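Report on the following structure.
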Amino acid sequence: METIFSKIIEGTIPAKKVFENERILAFYDIEPAAPVHVLIIPKKPIPSMNEVTTEDLPLIGEIHAVAQQIAAELGIKESGYRLINNCGPDSGQAVPHLHYHLIGGAKLGALVGGSKSHA
Ligand code: AMP
């Protein structure tokens, strides 16, 4: 499926890249939620976490290693950060290509804002 992120991988939409290898791309989010907000995506077009298979587990592990490396490079490894995946409608997932938000650079607020539906 063609998405904004597949176009960024192809290079037909620009992005401010922070990391790239044959399997993984990371770039700054266009609407940052914090001083540091990077998206880390596999180049393989996996629509969401629901479609991750056991075959993909090395790739998912590598994404964690890349997140750690980027956090160090951007100076938030020790101050702290979140690595967030949104999956499906209730999460607000807007782009159907697996992605992880690496967010930090400030004290972050509540993990789940506003809704009292689980209170
Ligand atoms: P999600 O809601 O988890 O699907 O997150 C999608 C993210 O993609 C949002 O934080 C958007 O700001 C971000 N985004 C959408 N288009 C672009 C783009 N062209 N470049 C960088 N980030 C983007």
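Numbering of ligands and ligand atoms starts at 1, following listing order. FYI, the numbering just counts along the sequence from 1. Computation of the quantities below employed the complete heavy-atom set of this structure, encompassing side-chain atoms and omitting hydrogens, waters and symmetry-equivalent molecules. Please read all numbers here as calculations on a predicted model, not as lab measurements.
- Between the side chain of S6 and the backbone N or O of E2 there is no donor-acceptor pair closer than 3.5 Å.
- In plain terms, the two heavy atoms of I76 and G105 that are nearest each other are CG2-N, 3.7 Å.
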Item to check | Derivation of the side chain to side chain contact (heavy atoms under 4.5 Å, CB included) call for L25 and I40 | outcome: CA-CA 6 Å; L25 178 64; I40 306 172; over 6 Å; no
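- Partners of E62 under the salt bridge (charged side-chain N to carboxylate O under 4.0 Å, His left out) rule, at least two apart in sequence or in another chain, are R23.
- Between H37 and H101, the ring planes lie tilted relative to each other; the angle falls in the 30° to 60° range.
- For ligand 1, the protein residues placed under 4.0 Å by at least one non-hydrogen atom are I4, F5, I8, F27, Y28, D29, I30, E31, L39, N86, G92, Q93, A94, V95, H99, H101.
- What you find for S48 and C87 is that their closest heavy atoms are OG-SG, 3.7 Å.
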